[in-house]
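Throughout, protein chains are lettered first and strands after them, A, B, ... in sequence-line order, and every chain is numbered starting at 1. All of these numbers come straight from a predicted model, not from anything done at the bench.
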There are 2 protein chains.
Amino acid sequence: MPSAFAAGDDELVEAEHLIRDRMSGLDLDLLSLAAVSNVFRTATTVRNHMERNVLKPHSLSWSAFVVLFVLHIWGAKESRELATEAGISGGTLVGVLDTLERKGLAVRQPVLTDRRRVGVALTDAGTTVVEDVMPAFNREEAQVTGDLTAEETATLARLLRIVLRTAEDLDNR
Amino acid sequence: MPSAFAAGDDELVEAEHLIRDRMSGLDLDLLSLAAVSNVFRTATTVRNHMERNVLKPHSLSWSAFVVLFVLHIWGAKESRELATEAGISGGTLVGVLDTLERKGLAVRQPVLTDRRRVGVALTDAGTTVVEDVMPAFNREEAQVTGDLTAEETATLARLLRIVLRTAEDLDNR
DNA sequence: ACACTACTATTTGGGGCCAAACGATTCACC
DNA sequence: GGTGAATCGTTTGGCCCCAAATAGTAGTGT
């Protein structure tokens, strides 16, 4: 939830009191509210920062870059897996691939054994872009986690992985 | 970054090795990469979960709910602050407010002292919706953090707050 | 009064996003 | 071998998202 938690410490305390007051009758778990809110706020802020400072100079959208990244790490993949891996729906992937193909960074290739399916592979230009953007992207990642100790950064990754898996389990049931 | 980090532990280790191999020449900070990646993956997964299970039954979009929430916590607000508080651009807020007004959940009201500005307030129906949705939303928040101890949940919120503030400072410079 | 500047919400254009509906292909079973 | 169910990628419709351009309003200095 927005800046309900965030910003300076003063505003933070003020927001917490406001929520306590305005939501007093609702019996809320303020601890998990704060944690989950901060996940969203952090993700939005860091993502916007990345899009402006790293992706935009290359005219890449967020999802386009994620798809390129997945293809570079895992090699050529079929459409369905690619969508899952990139965390977007199949319908969304179609548009992203259209854009990527138009820019010559990836290509669709028919699967010979099954004409329903479609493979996707990086072009040389696509490979170059990933290897160019990835270090810049990672430099910013290091920046935003720069005020954490190495141990805290590892803890953050670990705690998030737990939440992530819990949420995934909730959906697969 | 997608499921590069996530899923089961086996896949996680496999992904880490893959990244190490494929990106070996690039000198990446894998610790911050994992932490930031998990922020994005967690945010996406939890958000999709919330939209499907909590918001959709009320025909509410994510941003629409955030705006309603902010209005409920802070009371009537002017457009500009509202956008900042909700973490969206001014242009985006216009569309969200159009939708919210059409559904009778919020209203724009002219600011008498300055005809450029526009105030926004919840309607009674809007208040009812927030007070209905918020507890359901919070129940899911408690669910996804359910595998964390109270102390871990607090730690998660704290570490994210540090990253968030670092990222915000990076942008305001 | 007048221009100049600064600020407001809004519109525009190009994408991204999902769910649901669709058409094509494959598979299973009879 | 033909019929029905399952599984692909794609299309459609509605909303969200941002940046940049726009129009209207307010303040500032002359």
Quick one: is B/Ser89 getting a side-chain N or O under 4.0 Å of the D/dC18 phosphate, OP1 or OP2?
-> yes
Over how many whole Å does the gap from B/Asp98 atom CG to D/dC16 atom P extend?
-> 10 Å
So does B/Thr92 get a side-chain nitrogen or oxygen closer than 4.0 Å to the phosphate oxygens (OP1/OP2) of D/dC16?
-> no
For DNA chain C, whose closest nucleotide is more 5', that of B/Lys56 or that of A/Ala64?
-> A/Ala64
Does the pair A/Ser89 and A/Thr92 meet the rule for a side-chain hydrogen bond (donor to acceptor under 3.5 Å, both in side chains), with working shown?
-> CA-CA 5 Å; A/Ser89 71; A/Thr92 299; 3.0 Å; yes
Quick one: is B/Ser63 getting a side-chain N or O under 4.0 Å of the D/dC15 phosphate, OP1 or OP2?
-> no
Assert: residue with more 5' nearest nucleotide on DNA chain D, out of A/Leu93 and A/Thr44, is A/Leu93
B/Met50 has an atom CE; how far is it from atom P of C/dC17, in whole Å?
-> 20 Å
Side chain to side chain contact (heavy atoms under 4.5 Å, CB included) between B/Met23 and A/Phe69, worked out = CA-CA 11 Å; B/Met23 300 290 186; A/Phe69 177 78; 3.6 Å; yes
Can you tell me how far P of C/dC17 sits from CZ of B/Arg52, to the nearest Å?
-> 15 Å
Relative to the 5' end of DNA chain C, which residue comes earlier, A/Arg102 or A/Ile88, by the nucleotide with the nearest heavy atom?
-> A/Arg102
Side chain to side chain contact (heavy atoms under 4.5 Å, CB included), paired with B/Leu82, selected from B/Val118, B/Ile88, B/Val70 | B/Val70
Atom CD of A/Glu51 and atom P of C/dG16 are separated, to the nearest Å, by 10 Å
What is the distance from CG of B/Leu60 to P of D/dG14, rounded to the nearest Å?
-> 18 Å
Taking only N/O atoms, report every protein-nucleotides 3-7 of chain D pair under 3.5 Å with atom names and distance.
| residue | atom | partner | partner atom | Å |
| --- | --- | --- | --- | --- |
| D/dT7 | O2 | A/Arg116 | NH1 | 2.8 |

Within one Ile-Leu-Val-Met-Phe-Trp-Tyr cluster: B/Val94 and B/Leu122, side-chain cutoff 4.5 Å | no
In terms of side-chain geometry, is the basic nitrogen of A/Glu152 or A/Arg158 positioned less than 4.0 Å from the acidic oxygen of its partner?
-> no
Atom-pair distance (CG on B/Leu82; C1' on C/dT8), nearest Å | 15 Å
Value in whole Å for how far the C1' atom of C/dG15 lies from CG of A/Leu97 | 14 Å
Indicate whether OP1 or OP2 belonging to D/dC16 is found under 4.0 Å from a side-chain N or O atom of B/Ser61.
-> yes
In whole angstrom, what separates A/Glu78's CD from C/dT26's C1'?
-> 14 Å
Under a 4.0 Å N-O cut-off, is there an ion pair linking A/Glu168 with B/Arg41?
-> yes
B/Trp62 vs A/Phe40 aromatic rings, parallel, tilted or perpendicular, using cut-offs 30° and 60°?
-> perpendicular
Partner of B/Leu68 under side chain to side chain contact (heavy atoms under 4.5 Å, CB included), picked from B/Ile73, B/Val96, B/Thr127, B/Val130, is B/Val130
Side chain to side chain contact (heavy atoms under 4.5 Å, CB included) between A/Asp29 and B/Glu141: does it pass, once the steps are laid out?
-> CA-CA 8 Å; A/Asp29 178 349; B/Glu141 290 174 331; over 6 Å; no
Regarding the side chain of A/Val94, the nearest nucleotide among D/dC17, D/dT11, C/dC18 is D/dT11
5'-most contact on DNA chain D: B/Gly91 or A/Ser79, nearest heavy atom basis?
-> A/Ser79
Between residues 105-115 of chain B and DNA chain D, which residues have a heavy-atom gap below 4.0 Å?
-> B/Asp114, B/Arg115
Test log, rule side-chain hydrogen bond (donor to acceptor under 3.5 Å, both in side chains), inputs A/Gln143 and A/His49 = CA-CA 11 Å; A/Gln143 283 265 350; A/His49 177 78; over 6 Å; no
